[in-house]
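Accompanying notes for the structure given below.
Predicted model only: the values in this text are computed from it and were never measured. Below, read A as the first sequence line, B as the second, and so on, with proteins coming before strands; counting in each chain starts at 1.
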2 protein chains.
Amino acid sequence: MAARRAGIADVAARAGVSVGTASKALNGRGSLREETRARVRAAAQELEFAPSTVARSLLTGRTFTVGIITTDSYGRFSIPIMRGAEDALGLGEMLAFLCDSRDDPIREQHHLRRLLERRVDGVIVAGRRTDARQPVGANLPVPVVYALAPSAGELDISVTSDERGAARLAVDHLVRTGRRRIAHITGPHSHSSSRERAAGATQALAAHGLELVGEPWFGSWSEAWGRFAVSQLLRTHPDVDGVFCGADVIARGATDALREAGASLPMQVGVVGVDNWGVVAEAARPPLTTVDLGLQEIGRRAGELLLEAIDGTPAPGIHIVPGHLVVRES
Amino acid sequence: MAARRAGIADVAARAGVSVGTASKALNGRGSLREETRARVRAAAQELEFAPSTVARSLLTGRTFTVGIITTDSYGRFSIPIMRGAEDALGLGEMLAFLCDSRDDPIREQHHLRRLLERRVDGVIVAGRRTDARQPVGANLPVPVVYALAPSAGELDISVTSDERGAARLAVDHLVRTGRRRIAHITGPHSHSSSRERAAGATQALAAHGLELVGEPWFGSWSEAWGRFAVSQLLRTHPDVDGVFCGADVIARGATDALREAGASLPMQVGVVGVDNWGVVAEAARPPLTTVDLGLQEIGRRAGELLLEAIDGTPAPGIHIVPGHLVVRES
DNA sequence: TTGAAAGCGCTAACAC
DNA sequence: GTGTTAGCGCTTTCAA
């Protein structure tokens, strides 16, 4: 601590040149004698000179920072998205401010305002559901990219997951491994993810000339629901041989209930989840085959699209990132 | 988008005053006629004026930003810490840059450098283990606070968890609920958390005139290890009536193995974990009683200590944040 | 009560 | 090849 910070003026003085020259030397601009350049660089090194980005920003109008607003308290969904975004943004030498709106529109507006005051070059808004959301503002001075929860605004840039595709990947795997009597247990009907996955499952089965065993079981994103739904399912359809679950937690509950009902997994019944959430999928017995929605990829794509928009070539619309199947033992 | 950004000069022009006056009006500085103030405010409103923090920073030397460097890819540990830190920093009107070092010292240095170039007012370094770590740098121009993984530097500021206290909370609960033959299953011996929790458990039992059943079982942070250790434990100590597990994932494996071995929980055997990791603790059967290490509180404390250090009153040393017991049904 | 001017740390345009 | 100067958007003396 306490180390006084050297400015470019200090570096120039020590190297015996003017600040202009020092600037050129350090930025490789202009034409200077190699010896001068070296002398300046040496001085900078000795003084541990770190150029002030804030002064530079004032001049160029760019800060090389972006804001990421999550509605999600850095939870299950935001985290991989943030990671992906940081990957992409880091490549553009950008640093990200993190704001947690906790699903509160007031907080969101507050954060947005603070980010704009800080002159971020762009903003990523990450949601935790795939339901469309209202735009964070109109006529903003910087580009915004929506991740996971797409914006309802026509001309906005959004990146989201392929819900129907995810269902197809799951169902195709079950069919490919010989399952014919496939049921679907999923989350709340109020979530568009649940509805889309159910619709996707029905579609995919139809493509194989099959139908879902019973209606989709809408419930909650929990292990307990997975267990309960399976116990009920076995009463009406004891011959079920495949279960596509709308989430890994549901799938884990399902495997437990099936195992405890005496079914041998995966021989008698195949189970596929969605999420590829390590702590759940890997610890299940057997470890879960599941669809990874590519959240990190969504974040990466969002970062890339934001960089492009900042560079003046925005790509409006909803960009869909495909998921992929992770085959384990279930 | 595309909305041109109004500067204070625009506001001043529209209000028919000088920039100096506009500045004073908006910041409540100087003495101005109330009518002038109102006029300026109105102009600012109409132009959606958002003062540039970067210009202000250049002047004041403070950016009201901090950097958070996590070694943890925003995982299980960083997340609550970040939340807590954001809580504290938000109160100081600070915004946080997020950097993920992925446990790579090179990346860490790189990020630190970039943060310093951006003139952050301070830095939080968050780890994922409680083992002491090397300081991130010496003689830095801004204060640094270490969260979870304390710095080995004597004069640095660190905030970490109370590992022995956590073990005491767990053991006391088991004893209070009538358990006398208590075993301990935990993570790798190479982690100081494992060793400290084991030592704490032994100590706490001694305070009750009891001894651990067998040696502590060091292994890995996984459900599989919890299951395996319990199965072995039951062979040598079938009369065990309490298991203190060094992590919720271990505890969950332990409950599964106990239940499947025919033990009724929590009547015959009590199980206590550490972490209070929702997805694991709540889904276990029965839901886990566990020690919450207070990670969010650690983050909050780190944020507070950083603000204090920035304000010129650093509190060096290792600050220990107490955990608390979360009683569920196990 | 208000305006004019200097300056924060840096870069870029232009002189020398 | 190097130095000088103006100016990015704001706040803050100081003078009017």
Side-chain angles (χ1 to χ4, degrees), chain A residues 3-41 43-44 47-65 93 114 116-121 141-142, chain B residues 3-41 43-44 47-65 93 114 116-121 141-142:
Chain A
R4 204 188 83 74
R5 243 194 266 251
I8 198 167
D10 304 298
V11 174
R14 181 174 250 264
V17 296
S18 71
V19 287
T21 304
S23 172
K24 282 173 219 156
L26 294 171
N27 295 298
R29 230 64 60 107
S31 59
L32 301 180
R33 250 188 313 160
E34 189 48 45
E35 189 267 326
T36 315
R37 247 182 239 292
R39 198 146 37 89
V40 173
R41 270 201 290 263
L47 297 171
E48 300 184 37
F49 171 66
S52 163
T53 346
V54 3
R56 186 181 283 154
S57 295
L58 190 54
L59 210 44
T60 62
R62 287 214 35 194
T63 55
F64 289 90
T65 60
E93 291 292 300
R114 294 179 67 197
L116 293 177
E117 285 176 358
R118 276 176 164 93
R119 295 299 185 262
V120 293
D121 294 332
V142 297
Chain B
R4 206 189 80 75
R5 243 194 266 251
I8 199 169
D10 303 299
V11 174
R14 180 176 251 265
V17 296
S18 71
V19 288
T21 305
S23 171
K24 284 171 216 156
L26 294 171
N27 295 298
R29 232 60 63 102
S31 58
L32 300 180
R33 253 189 310 160
E34 188 48 46
E35 189 268 324
T36 314
R37 246 182 239 291
R39 197 146 39 87
V40 173
R41 268 201 291 263
L47 296 172
E48 299 184 39
F49 171 66
S52 163
T53 350
V54 2
R56 186 180 284 156
S57 295
L58 190 54
L59 214 40
T60 62
R62 287 211 38 191
T63 55
F64 288 90
T65 61
E93 292 292 300
R114 295 179 67 195
L116 293 177
E117 284 176 359
R118 281 182 160 92
R119 295 297 186 263
V120 293
D121 295 331
V142 297

On DNA chain C, more 5' by nearest nucleotide between B:Arg119 and B:Gly16 is B:Gly16
As a test of reading the structure: which of C:dG9, C:dT1, D:dG3 is closest to the side chain of A:Ala55, going by heavy atoms? C:dG9
For the side chain of A:Arg33, starting at C-beta, report the closest nucleotide among C:dT2, D:dT11, D:dG1. D:dG1
Taking the side chain as every heavy atom from C-beta outward, state whether B:Val142 and A:Arg5 have any pair of such atoms under 4.5 Å apart. yes
Does D:dT11 have OP1 or OP2 sitting under 4.0 Å from an N or O in the side chain of B:Ser23? yes
Quick one: A:Leu116 CG to D:dG9 P, roughly how many Å, whole number? 16 Å
Which is true for B:Val54 with a 4.0 Å heavy-atom rule: it touches a base, it touches only sugar-phosphate, or it touches nothing? nothing
Between B:Arg5 (CZ) and D:dG9 (C1'), how many Å, whole number? 12 Å
Judged by each residue's nearest nucleotide on DNA chain D, which is more toward the 5′ side, B:Arg29 or B:Leu58? B:Leu58
Please state whether the phosphate of C:dC10, meaning OP1 or OP2, lies under 4.0 angstrom from any side-chain nitrogen or oxygen of A:Ser52. no
Give a yes/no on whether any side-chain N or O of A:Arg56 is located under 4.0 angstrom from OP1 or OP2 of C:dC10. no
Mind checking whether A:Val17 and A:Arg39 have side chains closer than 4.5 Å, heavy atoms only? yes
Any idea which of D:dG1, C:dT1, D:dC10 is nearest the A:Leu32 side chain? D:dG1
Candidates D:dC10, C:dA13, C:dT11 - which lies nearest the side chain of A:Leu59: C:dT11
Here the distance between atom P of C:dT2 and atom CD of B:Glu34, to the nearest Å, is 11 Å
Quick one: are B:Ser57 and B:Arg119 in side-chain contact, heavy atoms under 4.5 Å? no
Do any side-chain nitrogens or oxygens of B:Ser31 fall under 4.0 Å of OP1 or OP2 in C:dT1? yes
How close or far is atom P of C:dG9 from atom CD of B:Glu117, stated in whole angstroms? 16 Å
Using heavy-atom distances to pick each residue's nearest nucleotide on DNA chain C, tell me which of A:Lys24 and A:Gly7 is more 5'. A:Gly7
Would you indicate whether the side-chain heavy atoms of B:Arg56 and B:Asn27 approach each other to under 4.5 Å? yes
Closest non-hydrogen contact found for B:Ile8 with B:Phe49 is N-CE1, 3.4 Å
Interatomic distance, B:Arg37 CZ vs C:dT2 C1' [rounded to whole Å]: 12 Å
Does the side chain of B:Thr21 get closer than 4.0 angstrom to OP1 or OP2 of C:dT2 through an N or O atom? no
Establish, with yes or no, whether the OP1 or OP2 oxygen of D:dT2 is under 4.0 angstrom from a side-chain nitrogen or oxygen of A:Thr36. yes
Gap between atoms CZ and P, on B:Phe64 and D:dT11 respectively (whole Å): 12 Å
Is there a side-chain contact between A:Arg118 and B:Val54 in this structure, where contact means two heavy atoms from C-beta onward sitting under 4.5 Å apart? no
Interatomic distance, B:Glu35 CD vs C:dT1 P [rounded to whole Å]: 12 Å
